[in-house]
Amino acid sequence: QVQVVESGGGLVQPGGSLRLSCEASGNIISIQTMGWYRQAPGKERELVASITLAGNTNYPDSVKGRFTISRDNAKNMVFLQMNSLKPEDTAVYYCKADLRERVYGTYGANDLNKQYWGQGTQVTVSS
């Protein structure tokens, strides 16, 4: 079984910075894409940033130039550096990992492509 755990959320004033971390652990063969999503009250979950195994990144216009995603492949970790935070960045931030996992069953091991989400970490931007 794979676990995905986020950390680093908290309360910050507008214009401030926060760094989120996410670690995936378990019988992981490789992680293709890791991403950060957020969900504010009453809104749908949205992509904040993603990064592939090769290091290709993707950001929506709402965070481009303010947020930076990076990853440590050796440690199965992904980070989100958030600068110039705005009140509208307030949300629960979730980490997602699209990975290949080795699952052991009665007849041996199988390598499966699966998707895992973390439990979320609250980010509040307020004065």
Side-chain angles (χ1 to χ4, degrees):
Q1 185 71 10
V2 170
Q3 287 190 321
V4 175
V5 179
E6 306 100 332
S7 61
L11 173 65
V12 63
Q13 291 187 341
S17 298
L18 275 178
R19 180 178 167 87
L20 305 183
S21 299
C22 170
E23 181 177 12
S25 60
N27 292 327
I28 298 170
I29 298 171
S30 63
I31 304 179
Q32 286 70 51
T33 302
M34 300 189 83
W36 288 97
Y37 292 73
R38 67 186 179 189
Q39 187 167 19
K43 294 188 176 181
E44 293 187 354
R45 190 172 296 189
E46 62 176 359
L47 173 70
V48 175
S50 66
I51 184 167
T52 67
L53 184 60
N56 298 312
T57 58
N58 181 42
Y59 305 93
D61 289 342
S62 58
V63 307
K64 200 171 290 185
R66 300 189 298 123
F67 291 9
T68 302
I69 189 170
S70 60
R71 63 188 284 178
D72 183 333
N73 293 329
K75 296 181 179 180
N76 290 333
M77 294 188 72
V78 65
F79 309 96
L80 184 68
Q81 178 65 44
M82 304 185 292
N83 299 327
S84 303
L85 283 161
K86 306 175 181 179
E88 50 264 42
D89 294 318
T90 296
V92 178
Y93 283 69
Y94 297 90
C95 176
K96 181 169 77 78
D98 295 309
L99 53 84
R100 193 157 181 83
E101 176 187 7
R102 178 150 295 164
V103 179
Y104 294 92
T106 304
Y107 302 103
N110 288 296
D111 295 342
L112 304 175
N113 293 324
K114 300 184 78 171
Q115 184 181 96
Y116 286 91
W117 290 86
Q119 81 289 347
T121 184
Q122 177 70 44
V123 172
T124 302
V125 184
S126 175
S127 54

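If you read the sequence from its start, that first residue is 1, and numbering goes on from there.
Within the 4.5 Å cutoff, the side chain of Q115 has heavy atoms near those of the K96 side chain. Taking the side chain as every heavy atom from C-beta outward, M82 and V123 approach each other to under 4.5 Å. Residues V48 and L80 meet the side-chain proximity criterion, which asks for heavy atoms closer than 4.5 Å. Counting heavy atoms from C-beta outward, L99 and V2 have side chains that approach closer than 4.5 Å.
Not one N or O on the side chain of T124 forms a donor-acceptor pair closer than 3.5 Å with the backbone of L11. Without hydrogens or angle criteria, R71 side chain to T52 main chain gives a donor-acceptor distance under 3.5 Å. Under a 3.5 Å cut-off, the side chain of E6 and the backbone N or O of G120 do form a donor-acceptor pair.
For the pair S126 and P14, the tightest heavy-atom approach, listed with the atom from each and the gap, is C-CD, 3.6 Å. For the pair S17 and Q81, the tightest heavy-atom approach, listed with the atom from each and the gap, is CB-NE2, 3.9 Å.
Following chains of ILVMFWY side-chain contacts shorter than 4.5 Å, one can reach Y116 starting from Y93, so the two form part of one hydrophobic cluster. Hydrophobic clustering (side-chain heavy atoms under 4.5 Å, transitive across Ile, Leu, Val, Met, Phe, Trp, Tyr) groups V4 together with I28. Both V12 and V63 are part of a single hydrophobic cluster, where members link through side-chain heavy atoms under 4.5 Å apart.
A side-chain N or O of S30 and one of Q32 form a donor-acceptor pair less than 3.5 Å apart. In this model, no donor atom of one side chain and acceptor atom of the other lie less than 3.5 Å apart for N83 and R66.
The environment of CD in E44 is sparse: at most 12 heavy-atom neighbours from other residues, nucleotides or ligands sit within 6.0 Å. In this structure, Q39 places its CD atom where more than 12 heavy-atom neighbours from other residues, nucleotides or ligands lie under 6.0 Å away.
Between Y37 and W117, the gap from one ring centroid to the other is short of 6.0 Å.
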Exercise. Does the pair D98 and I31 meet the rule for a side chain to side chain contact (heavy atoms under 4.5 Å, CB included), with working shown?
Worked result: CA-CA 6 Å; D98 295 309; I31 304 179; 5.9 Å; no
For this session: Mind running side chain to side chain contact (heavy atoms under 4.5 Å, CB included) on V5 and E23 for me, showing each step along the way?
Result: CA-CA 5 Å; V5 179; E23 181 177 12; 5.5 Å; no
For this session: List the steps, then state whether side chain to side chain contact (heavy atoms under 4.5 Å, CB included) holds for L20 with F79.
Result: CA-CA 6 Å; L20 305 183; F79 309 96; over 6 Å; no
Exercise. Between I51 and N56, is a side chain to side chain contact (heavy atoms under 4.5 Å, CB included) present by the stated rule, with each step listed?
Worked result: CA-CA 5 Å; I51 184 167; N56 298 312; over 6 Å; no
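Looking at D61 and K64, a side-chain N of the basic residue comes within less than 4.0 Å of a carboxylate O on the acidic one, giving a salt bridge. With respect to the salt-bridge test (charged N to carboxylate O, under 4.0 angstrom), the residues R38 and E46 qualify.
Sorted by first and then second residue, the salt bridge (charged side-chain N to carboxylate O under 4.0 Å, His left out) pairs with a member in residues 118-127 form an empty list; sequence neighbours excluded.
Residues satisfying the salt bridge (charged side-chain N to carboxylate O under 4.0 Å, His left out) criterion with E101, sequence neighbours excluded, are K114.
To the nearest 0.5 Å, atoms OG (S50) and OH (Y59) are separated by 8.5 Å. With rounding to the nearest 0.5 Å, the separation of CZ in F67 from CG in D89 is 4.0 Å. Put simply, CG on N110 and CZ on R102 are 9.5 Å apart, with the number rounded to the nearest 0.5 Å. Expressed to the nearest 0.5 Å, how far OG of S21 lies from NZ of K75 amounts to 10.5 Å. A distance of 3.0 Å separates CG of D111 from CD1 of I29, quoted to the nearest 0.5 Å.
Seen from the ring of Y94, R45 counts as a face-on cation partner, given the 6.0 Å and 45° thresholds.
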